[in-house]
Number of protein chains: 2
Amino acid sequence: METSHSGDELARILATLANPHRMRVIAALAHGRNYVSALARELGISRPLLQLHLAKLEAAGLVTAAFELSHDGKAMKYYDTVPFAVTLTPQSIALAARTLTTEEGQS
Amino acid sequence: METSHSGDELARILATLANPHRMRVIAALAHGRNYVSALARELGISRPLLQLHLAKLEAAGLVTAAFELSHDGKAMKYYDTVPFAVTLTPQSIALAARTLTTEEGQS
DNA sequence: TTCACCTGCAAGAAAAAACTAGCACGTGCC
DNA sequence: GGCACGTGCTAGTTTTTTCTTGCAGGTGAA
């Protein structure tokens with residue numbers, strides 16, 4: 001359920017999703033939530049790298065993080081997807097472009 | 001009318017749209033086709049820079065180019081938008097992620 | 001204590017993208 | 001000819017993003 005985004009928000013969302021690693025993260029989390037280290041092993045990438053991508057996904061509002069204690073008392077950081085739905089058309093892009101703040105306003 | 005894209009195609013489309021200049025190009029062309037120099041003036045950016053962005057938009061299949069002779073015999077390169085429609089959800093991302101070719105295949 | 005697991009952060013290297021400046025070519029018109 | 005307009009290209013710089021390496025902290029269990 002997505003309302004319209006500002007141009008900057010949309011640009012950030014698109015830039016965030018336009019990355020193979022992050023697409024795979026979304027794919028992995030779509031099957032169910034998971035914690036950082038396990039996710040890194042599942043995807044076959046280093047943990048710091050995964051944390052970088054997760055931070056970007058969270059900053060774009062595409063995933064959420066929640067701490068949870070495991071049965072043996074360890075603090076695990078679980079990530080999950082946020083159910084988003086963005087439709088891209090020339091018109092939706094044009095609409096979003098009106099609210100871009102990158103340099104100069106519009107004409 | 002968009003069918004499903006491969007993971008790489010989708011990544012390229014998103015990366016292409018995730019740029020303020022290119023969003024404004026789409027917005028400008030959505031109002032009607034235009035040629036390079038006029039478009040550069042309208043957007044207030046240099047022509048080489050615009051050509052770079054137009055090349056990326058065309059490579060992603062989001063705009064098309066066509067040469068046309070002006071009344072005084074000059075060869076003008078007109079660009080126009082391609083009517084695309086891409087919907088992004090965690091599921092569509094997950095589906096596209098299966099066909100990513102960046103490094104290693106899938107599990 | 002030592003080991004295995006979890007987390008976080010930051011500095012520096014490597015790669016990719018964005019942008020500028022400048023050149024080439026062509027045309028019609030004063 | 002000189003000027004204004006259209007096109008294309010390329011080399012080099014700047015900026016951003018991506019990724020690695022390495023270290024810090026914490027817990028429970030053998």
Side-chain angles (χ1 to χ4, degrees), chain A residues 7-8 11-26 33-60 62-80 97 100-104, chain B residues 8 11-26 33-60 62-80 100-104:
Chain A
D8 297 310
R12 159 166 278 184
I13 289 174
L14 296 181
T16 302
L17 289 177
N19 178 288
H21 285 327
R22 292 194 283 266
M23 288 178 68
R24 291 200 190 92
V25 169
I26 293 287
R33 48 194 250 120
N34 206 350
Y35 62 95
V36 184
S37 291
L39 196 54
R41 284 191 293 268
E42 179 181 338
L43 297 175
I45 65 177
S46 70
R47 190 173 52 80
L49 180 57
L50 175 60
Q51 286 176 318
L52 170 77
H53 289 308
L54 284 173
K56 295 205 171 193
L57 285 166
E58 189 176 12
L62 300 174
V63 302
T64 50
F67 275 102
E68 201 160 308
L69 286 181
S70 67
H71 59 291
D72 57 347
K74 289 176 185 165
M76 324 285 274
K77 192 169 191 180
Y78 275 85
Y79 277 90
D80 201 353
L100 285 173
T101 62
T102 325
E103 303 283 316
E104 60 182 348
Chain B
D8 297 310
R12 158 167 278 185
I13 289 174
L14 297 182
T16 302
L17 289 177
N19 179 287
H21 284 328
R22 291 194 286 265
M23 288 178 68
R24 290 201 190 92
V25 170
I26 294 287
R33 50 196 248 117
N34 207 349
Y35 62 96
V36 183
S37 291
L39 196 53
R41 283 191 294 269
E42 178 181 339
L43 297 175
I45 64 178
S46 71
R47 191 174 51 82
L49 180 57
L50 176 60
Q51 285 175 319
L52 169 77
H53 289 308
L54 284 172
K56 295 206 169 191
L57 284 165
E58 189 175 13
L62 300 174
V63 302
T64 50
F67 275 100
E68 200 158 310
L69 286 182
S70 67
H71 58 290
D72 56 348
K74 290 175 184 167
M76 323 284 274
K77 193 168 190 181
Y78 275 84
Y79 278 91
D80 201 352
L100 285 173
T101 61
T102 326
E103 303 283 316
E104 59 183 347

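Quick note: numbers below take in every heavy atom, side chains included, and nothing from hydrogens, waters or symmetry partners. Order of the sequence lines sets the chain letters (A, B, ...), proteins ahead of strands, with each chain counted from 1.
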Item to check | A/Asn19 CG to C/dA17 C1', straight-line distance once rounded to whole Å | outcome: 14 Å
Checklist entry - Rounding to a whole Å, what distance do you find between A/Leu52:CG and C/dG12:P? => result 18 Å
Next on the checklist: Quick check: on DNA chain D, is the nucleotide nearest B/Gln51 upstream (toward 5') of the one nearest A/His53, or the reverse? Name the residue that is more 5'.
Outcome noted: B/Gln51
Checklist entry - Can a side chain N or O of B/Ser46 be found less than 4.0 Å away from OP1 or OP2 on C/dT20? => result yes
Checklist entry - Looking at DNA chain C, which of residues 67-78 of chain A put a heavy atom within less than 4.0 Å of it? => result A/Phe67, A/Lys74, A/Ala75, A/Met76, A/Lys77
Checklist outcome for this item: Whole-Å distance, B/Leu54 CG to D/dG8 C1', equals 13 Å
Item to check | Residue A/Pro48, side-chain heavy atoms: nucleotide from D/dC19, C/dC9, C/dA18 that is nearest | outcome: C/dC9
Checklist entry - Could you state the NE2-P distance from B/His21 to D/dT16, rounded to the nearest angstrom? => result 12 Å
Checklist entry - Between D/dT20, C/dT7, C/dA18, which one does the side chain of A/Val36 approach most closely? => result C/dT7
Checklist entry - D/dG8 base to B/Arg47 side chain: any donor-acceptor pair below 3.5 Å? => result yes
Item to check | Nearest-angstrom distance from the residue atom OH of B/Tyr35 to P of C/dT27 | outcome: 18 Å
Checklist entry - To the nearest 10 degrees, what angle separates the axes at the start and end of the helix from C/dT1-D/dA30 to C/dC30-D/dG1, five pairs each? => result 20°
Checklist entry - Would you say D/dT17 has OP1 or OP2 under 4.0 Å from some side-chain N or O of A/Arg22? => result no
Checklist entry - Got a salt bridge between B/Arg33 and B/Glu68, using NZ or NE/NH1/NH2 to carboxylate O under 4.0 Å? => result yes
Checklist outcome for this item: Whole-Å distance, B/Leu57 CG to C/dA17 P, equals 14 Å
